[in-house]
Enquirer: 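Provided herewith is a single structure, encoded as C-alpha cells, for subsequent inquiry.
Any value given below was found using the heavy atoms of this structure, including those in side chains, with hydrogens, waters and symmetry copies removed.
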Amino acid sequence: MLEELGIRILNEEARHLFRQAGADVDESTWMARIAPEMVEAALSTAPEVFDMHGAAERYRVTLGEDNIAFVCVGGAPHVSDIDRGKRPATLEDTRNLIRLSEHFDVIHLQSPNVESQDIPVHLRHLHVTESQITLSGKPHFIFSRGSGQVSDAFEMTRIARGLTMPEFEERVWCYTVINTNSPRQLDVPMCQGIIDFARAGQMSVITPFTLAGAMAPITMAGALVLQHAEALAGITLSQIVRPGVPVMYGSFTSNVDMKSGSPAFGTPEFVQAAFGAGQLARHIGIPWRGSAATASNAPDEQAVYEFLMSAWGSVLGGVNMLIHAAGWLEGGLTGSLEKFILDVEMLQIFAEVFDPLGADEAELSFEAIASVEPGGHFFGCEQTLSRYQEAFYEPLVSDWDNYGQWMENGGLTATQRANGIWKQILDRFEPPPMPPERVEALKEFIRRRTAEGGSPI
C-alpha cells in the first residue's frame with residue numbers, strides 16, 4: 001500500500017525528509033510512495049523496549065515486551081461528575097485528574113486528560129505542562145500543536161527535572177500521540193510532532209484513527225491493513241529523523257454505528273481489531289498502544305461492560321500502553337471523575353491478576369490442609385491467622401456487606417461510592433516535593449512566555 005498507493009504528507013519538511021531518505025515524493029499531489037526497504041530499515045532501528053523517566057527512579061516505566069502501562073482519559077473537552085453533571089473542562093479539572101493519576105500507582109503515566117478550556121490555546125500548554133510536572137513526578141504528555149508549544153514544554157521539563165539539554169535528549173521524559181488523518185494522510189502538526197519529538201529523543205505514539213465503515217474499510221481486516229500502513233509511515237518518519245528514537249505502534253481501530261456514524265467501543269469488532277493490532281505490532285517488533293474505551297454517556301453498566309471488553313481485548317492482545325484506561329466517557333468527549341475511580345478498581349484487579357501465583361512449599365499449604373479435620377474450616381488455622389490481613393485484594397469501590405448492612409450504610413451504588421472516594425483523595429492530596437528554585441523558574445518562564453504572546457498552534 002505504501003509503495004503503490006502512497007500516503008499524503010501535508011508537511012513540507014516531512015516531505016523533504018522522506019525524499020532525502022529515498023521515497024518517491026510528488027510535490028504536485030504531496031503524495032509519498034515509500035519502498036518496503038525504507039520501512040524495513042526504519043523498523044531495524046526502532047527499539048523493541050525502552051524506559052520512560054520521571055522525577056525519581058520510582059517513576060521509571062518500561063514499555064515493550066510483556067510490560068503494561070495504564071494511562072487515564074486523554075483529550076476530552078468536557079468533564080463530569082454526579083454532583084454538577086457534564087460541563088466544559090477547566091484548568092482546575094485538568095489538575096484534579098492529574099492529582100488522581102498521581103495518587104494511584106496503577107496509573108503509570110500522566111495524560112492530557114481533559115482540555116482546560118478556560119485557558120486560551122496559545123497559553124494552555126504552559127499551564128497544563130506546569131500542572132503535570134509540579135503535581136506529579138510521573139512521565140508526562142505533551143500535545144503536538146506546533147513546534148513553538150512543543151519547545152516550550154520541553155524547556156519546562158528540563159527546568160522541572162533539573163536537566164541539561166544532553167541529559168534531556170538521552171532519556172525519554174515525555175511523549176505525544178500522533179493521530180493520522182485516515183485514510184492515508186499525515187497533516188502539518190502531526191508530522192511536525194513526529195519530527196520535533198524524534199529530534200529531542202522523546203517518544204511518539206503513532207496512532208491511526210481507523211474507524212471501520214467511516215475512515216477505514218468496513219471490513220476489520222481492511223481497517224487493520226490501513227492502520228498498519230499509516231502507522232508504518234509515521235514510524236518510518238521518526239527513524240529517518242533520528243534512528244533509534246523510541247516510538248510506539250498505536251491502534252484505535254473500531255467500528256462505527258452504521259445508523260448514526262458515531263464511534264462504537266467495547267464491540268466484538270473492537271476486540272478483534274485489538275487482537276490483530278497486537279499481532280501486527282509484535283510482527284514488526286514495536287511496543288503497542290491500545291485503548292479501553294466506551295461510548296456510554298454515563299458511568300453506568302454500559303460504561304463498565306464496554307470498558308471491560310475493550311480492556312480485555314487490549315490486554316489479551318498483548319498491549320504495552322493502555323490509554324483512556326480511567327475516566328473515559330461518551331466516546332472520548334467527557335472525562336468522568338466517578339468513572340475514573342470505577343476504572344481504577346478494575347485496573348487494580350488486572351494488576352493483581354498479572355501477579356504470578358507462588359508455588360513454594362508454604363504456598364502449596366500441605367501443613368495447613370493437614371491441620372484441619374475433614375469437614376472443618378480454615379478460618380482459625382495458623383496459616384490463615386498469619387496471612388489474612390494481606391492475603392487477598394482489598395477493593396477500592398466494591399461493597400461486600402450483606403444487604404441489611406449495605407442499607408444501614410446508606411444503600412449507595414458503586415457510582416455514588418466512587419464520588420466520595422475521589423473527593424476524599426483530592427481533599428488529602430499532597431504533590432511530590434520539588435526544589436523551590438525550580439518552581440520559581442517555571443513560574444518565571446510562564447510569565448515571560450505569556451508576555452511574549454505564548455505560542456499559537
Enquirer: Quick one, Gln185 and Glu230 - any side-chain contact, counting heavy atoms below 4.5 Å?
Expert: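 Gln185 does not reach Glu230 side chain to side chain.
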Enquirer: Using the rule given for salt bridge (charged side-chain N to carboxylate O under 4.0 Å, His left out), can you reason through Arg87 versus Asp81, listing the C-alpha separation, both sets of side-chain angles and the distance that settles it, and then say yes or no?
Expert: CA-CA 9 Å; Arg87 59 196 183 276; Asp81 58 62; 3.1 Å; yes
Enquirer: Between Ser111 and Val73, is there a donor-acceptor pair closer than 3.5 Å when you use the side chain of the first and the backbone of the second?
Expert: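 Checking the backbone N and O of Val73 against the side chain of Ser111, a donor-acceptor pair under 3.5 Å is found.
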Enquirer: Does Ser310 reach the side chain of Thr294, with side-chain heavy atoms less than 4.5 Å apart?
Expert: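 No; the side chains remain at least 4.5 Å from each other.
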Enquirer: Tell me, please, which residues at least two apart from His108 pass ring pair (Phe, Tyr, Trp, His ring centres under 6.0 Å).
Expert: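 Residues passing ring pair (Phe, Tyr, Trp, His ring centres under 6.0 Å) with His108: Phe70.
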Enquirer: Give a yes-or-no answer on whether the side chains of Thr253 and Ser251 include a donor-acceptor pair shorter than 3.5 Å.
Expert: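 No, no side-chain donor-acceptor pair sits under 3.5 Å.
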Enquirer: Looking only at the side chains, is there a donor atom on one of Asp196 and Ser147 sitting less than 3.5 Å from an acceptor on the other?
Expert: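 Looking only at side-chain atoms, Ser147 and Asp196 do form a donor-acceptor pair, the distance falling under 3.5 Å.
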Enquirer: Give the C-alpha distance, both sets of side-chain angles, the deciding distance and a yes or no for salt bridge (charged side-chain N to carboxylate O under 4.0 Å, His left out) between Arg99 and Glu92.
Expert: CA-CA 10 Å; Arg99 293 178 177 110; Glu92 188 58 23; 3.0 Å; yes
Enquirer: Looking only at heavy atoms, which two atoms of Thr134 and Met434 are closest? And how far apart?
Expert: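 Looks like CA-CE, 4.1 Å.
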Enquirer: So, do Met165 and Arg158 sit near enough that their side-chain heavy atoms are less than 4.5 Å apart?
Expert: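 Yes; the side chains approach each other to less than 4.5 Å.
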Enquirer: Inspect the surroundings of CG in Leu5 and state if more than 12 heavy atoms from other residues, nucleotides or ligands are less than 6.0 Å away.
Expert: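 Yes, enclosed.
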Enquirer: Look up atom OG in Ser238 and atom CG in Leu17, then write down how far apart they are to the nearest 0.5 Å.
Expert: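 Separation between the atoms: 11.5 Å.
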Enquirer: With sequence neighbours excluded, tell me which residues meet salt bridge (Lys or Arg N to Asp or Glu O under 4.0 Å) with Arg447.
Expert: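 Arg447 satisfies salt bridge (Lys or Arg N to Asp or Glu O under 4.0 Å) with Glu440, Glu444 once adjacent residues are dropped.
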Enquirer: Would you say that Glu3 contacts Pro36 through its side chain, given a criterion of any heavy-atom pair below 4.5 Å between the two side chains?
Expert: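 SC-SC contact between Glu3 and Pro36 confirmed.
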Enquirer: Quick one: closest heavy-atom pair of Ala233 and Ile34, and the distance?
Expert: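 Between these two residues, the closest heavy atoms are CB-CD1, 4.3 Å.
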Enquirer: Does the Asn320 side chain pair with the main chain of Glu65, one donor and one acceptor, at a distance under 3.5 Å?
Expert: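 Here the side-chain-to-backbone pair exists.
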Enquirer: Using the six-membered ring wherever Trp is involved, compare the ring planes of Trp173 and His53 and label them parallel, tilted or perpendicular (cut-offs 30° and 60°).
Expert: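 Rings of Trp173 and His53: tilted, 30 to 60°.
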Enquirer: Go through it in stages, so that I can follow the logic: the residues are Glu27 and Arg15, the test is salt bridge (charged side-chain N to carboxylate O under 4.0 Å, His left out), and I'd like the CA-CA distance, side-chain angles, deciding distance and then a yes or no.
Expert: CA-CA 8 Å; Glu27 280 297 330; Arg15 292 197 303 274; 3.1 Å; yes
Enquirer: Is a side-chain N or O of Lys138 found less than 3.5 angstrom from the main chain of Arg60, in a donor-acceptor match?
Expert: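 Side chain of Lys138 to backbone of Arg60, a donor-acceptor pair under 3.5 Å: no, none is there.
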Enquirer: Answer whether the closest heavy-atom distance between the side chains of Gln239 and Val247 falls below 4.5 Å.
Expert: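 Sidechains of Val247 and Gln239: in contact.
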Enquirer: Walk me through it: do Ile133 and Met156 pass the test side-chain contact (heavy atoms from CB on, under 4.5 Å)?
Expert: CA-CA 8 Å; Ile133 55 185; Met156 294 177 73; 4.0 Å; yes
Enquirer: Does CZ belonging to Arg448 count more than 12 external heavy atoms closer than 6.0 Å?
Expert: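 Yes, CZ of Arg448 has more than 12 neighbouring heavy atoms, counting only those of other groups under 6.0 Å.
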Enquirer: Could you tell me which non-hydrogen atom of Pro77 sits nearest to which non-hydrogen atom of Leu333, and how far apart they are?
Expert: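 In this case the closest contact between Pro77 and Leu333 is CD-O, 3.2 Å.
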Enquirer: Quick one: does any side-chain atom of Glu115 pair with a main-chain N or O of Gly75 as donor and acceptor, under 3.5 Å?
Expert: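 The answer is no, because no donor-acceptor pair under 3.5 Å joins these two groups.
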Enquirer: For the backbone of Ser116 and the side chain of Arg124, can you confirm whether one donor and one acceptor N or O come within less than 3.5 Å of each other?
Expert: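 Such a contact is found between Arg124 side chain and Ser116 backbone.
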Enquirer: Let me confirm one number: the CZ-NE2 distance from Arg145 to His122, rounded to the nearest 0.5 Å.
Expert: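 It comes to 13.5 Å.
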Enquirer: Looking at Arg8, I want to see if its CZ is surrounded by more than 12 non-hydrogen atoms of other residues, nucleotides or ligands under 6.0 Å.
Expert: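 Result for CZ/Arg8: open.
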Enquirer: Using modelled atom types only, decide if a donor and an acceptor are shared between the side chain of Thr334 and the backbone of Glu330 within a distance under 3.5 Å.
Expert: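 Checked: no pair found.
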Enquirer: Does atom CG of Asp105 have more than 12 heavy-atom neighbours from other groups under 6.0 Å away?
Expert: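 No, the 6.0 Å shell around CG holds no more than 12 heavy atoms from other groups.
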Enquirer: Once the angle between the rings of Phe197 and Phe154 is folded into 0 to 90°, is it parallel (under 30°), tilted (30 to 60°) or perpendicular (over 60°)?
Expert: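 Aromatic pair Phe197/Phe154 classed perpendicular.
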Enquirer: Centroid separation under 6.0 Å, is that true for the rings of Phe270 and Phe275?
Expert: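 For Phe275 and Phe270, the ring centres are not under 6.0 Å apart.
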Enquirer: Which pair of non-hydrogen atoms, one from Ser131 and one from Leu91, has the smallest distance, and what is that distance?
Expert: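 Where Ser131 meets Leu91 most closely, the heavy atoms are OG-CD1, 3.9 Å.
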Enquirer: Looking at Cys191 and Leu186, what are the two nearest heavy atoms and their distance?
Expert: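 In this case the closest contact between Cys191 and Leu186 is SG-CB, 3.5 Å.
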Enquirer: More than 12 heavy atoms of other residues, nucleotides or ligands under 6.0 Å from CD of Gln302: is that the case?
Expert: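 Yes, CD of Gln302 has more than 12 neighbouring heavy atoms, counting only those of other groups under 6.0 Å.
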Enquirer: Do any N or O atoms from the side chain of Gln149 and from the backbone of Val121 form a donor-acceptor pair under 3.5 angstrom?
Expert: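 Yes, Gln149 side chain to Val121 backbone: donor-acceptor pair under 3.5 Å.
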Enquirer: Any side-chain to backbone donor/acceptor pair from Asp355 onto Glu352? Under 3.5 Å, distance only.
Expert: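 Pair absent, no side-chain N/O of Asp355 close to backbone of Glu352.
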Enquirer: Give, for atom CG of Asn113 and atom NE2 of His324, the distance between the pair rounded to the nearest 0.5 Å.
Expert: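 That separation rounds to 11.5 Å.
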Enquirer: Rounded to the nearest 0.5 Å, what's the gap from CG on Leu396 to CE on Met346? Could you check?
Expert: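 With rounding to 0.5 Å, CG (Leu396) is 11.0 Å from CE (Met346).
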Enquirer: Got a salt bridge between Lys443 and Glu437, using NZ or NE/NH1/NH2 to carboxylate O under 4.0 Å?
Expert: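 A salt bridge is absent here (no side-chain N lies under 4.0 Å from a carboxylate O).
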Enquirer: Using modelled atom types and a 3.5 Å cut-off, is there a donor and acceptor pairing between side-chain atoms of Gln110 and backbone atoms of Ile98?
Expert: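 Confirmed, Gln110 side chain pairs with Ile98 backbone.
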Enquirer: Could you go through the side chain to side chain donor-acceptor pair (under 3.5 Å) check for Gln348 and Tyr393 one step at a time?
Expert: CA-CA 9 Å; Gln348 292 185 161; Tyr393 171 71; 2.9 Å; yes
Enquirer: Rounded to the nearest 0.5 Å, how far does CD of Glu430 lie from CG of Leu135?
Expert: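 Going from the CG atom of Leu135 to the CD atom of Glu430 covers 11.0 Å.
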Enquirer: Go through the steps for Thr267 and Asn255 under the test side chain to side chain donor-acceptor pair (under 3.5 Å), then give the verdict.
Expert: CA-CA 8 Å; Thr267 63; Asn255 58 297; 2.7 Å; yes
Enquirer: Please find out if less than 6.0 Å separates the ring center of Phe307 from that of Trp328.
Expert: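 Ring centres of Trp328 and Phe307 not closer than 6.0 Å.
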Enquirer: Looking at side-chain heavy atoms only, is the closest gap between Phe18 and Leu237 below 4.5 Å?
Expert: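 Yes - at least one pair of side-chain heavy atoms lies under 4.5 Å apart.
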Enquirer: Decide salt bridge (charged side-chain N to carboxylate O under 4.0 Å, His left out) for Glu155 and Arg449; before the verdict, give the C-alpha distance in whole Å, the side-chain angles of both, and the deciding distance to 0.1 Å.
Expert: CA-CA 11 Å; Glu155 178 60 22; Arg449 291 296 293 126; over 6 Å; no
Enquirer: So Ile107 and Leu347, do their side chains get closer than 4.5 Å, heavy atoms only?
Expert: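 A side-chain contact under 4.5 Å exists here.
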Enquirer: Which pair of heavy atoms, one from Ser204 and one from Ile178, lies closest together, and at what distance?
Expert: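 In terms of heavy atoms, the two residues are closest at CB-CG1, 4.2 Å.
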Enquirer: Kindly indicate whether the side chain of Met248, heavy atoms from C-beta on, has any atom under 4.5 Å from the side chain of Met203.
Expert: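 Contact flag for Met248/Met203 side chains = yes.
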Enquirer: Can you check whether Ser262's main-chain N or O pairs, donor with acceptor, with Ser260's side chain at less than 3.5 Å?
Expert: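 Here the side-chain-to-backbone pair exists.
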Enquirer: Is the closest side-chain donor-acceptor distance between Glu167 and Thr164 under 3.5 Å?
Expert: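 The answer is yes; a qualifying pair exists.
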Enquirer: At what distance, to the nearest 0.5 angstrom, does OG1 of Thr94 lie from CD1 of Ile119?
Expert: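 Going from the OG1 atom of Thr94 to the CD1 atom of Ile119 covers 9.0 Å.
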Enquirer: In sequence, state the C-alpha distance, the side-chain angles, and the governing distance for His228 and Tyr249, and then conclude on ring pair (Phe, Tyr, Trp, His ring centres under 6.0 Å).
Expert: CA-CA 9 Å; His228 198 57; Tyr249 179 104; 5.5 Å; yes
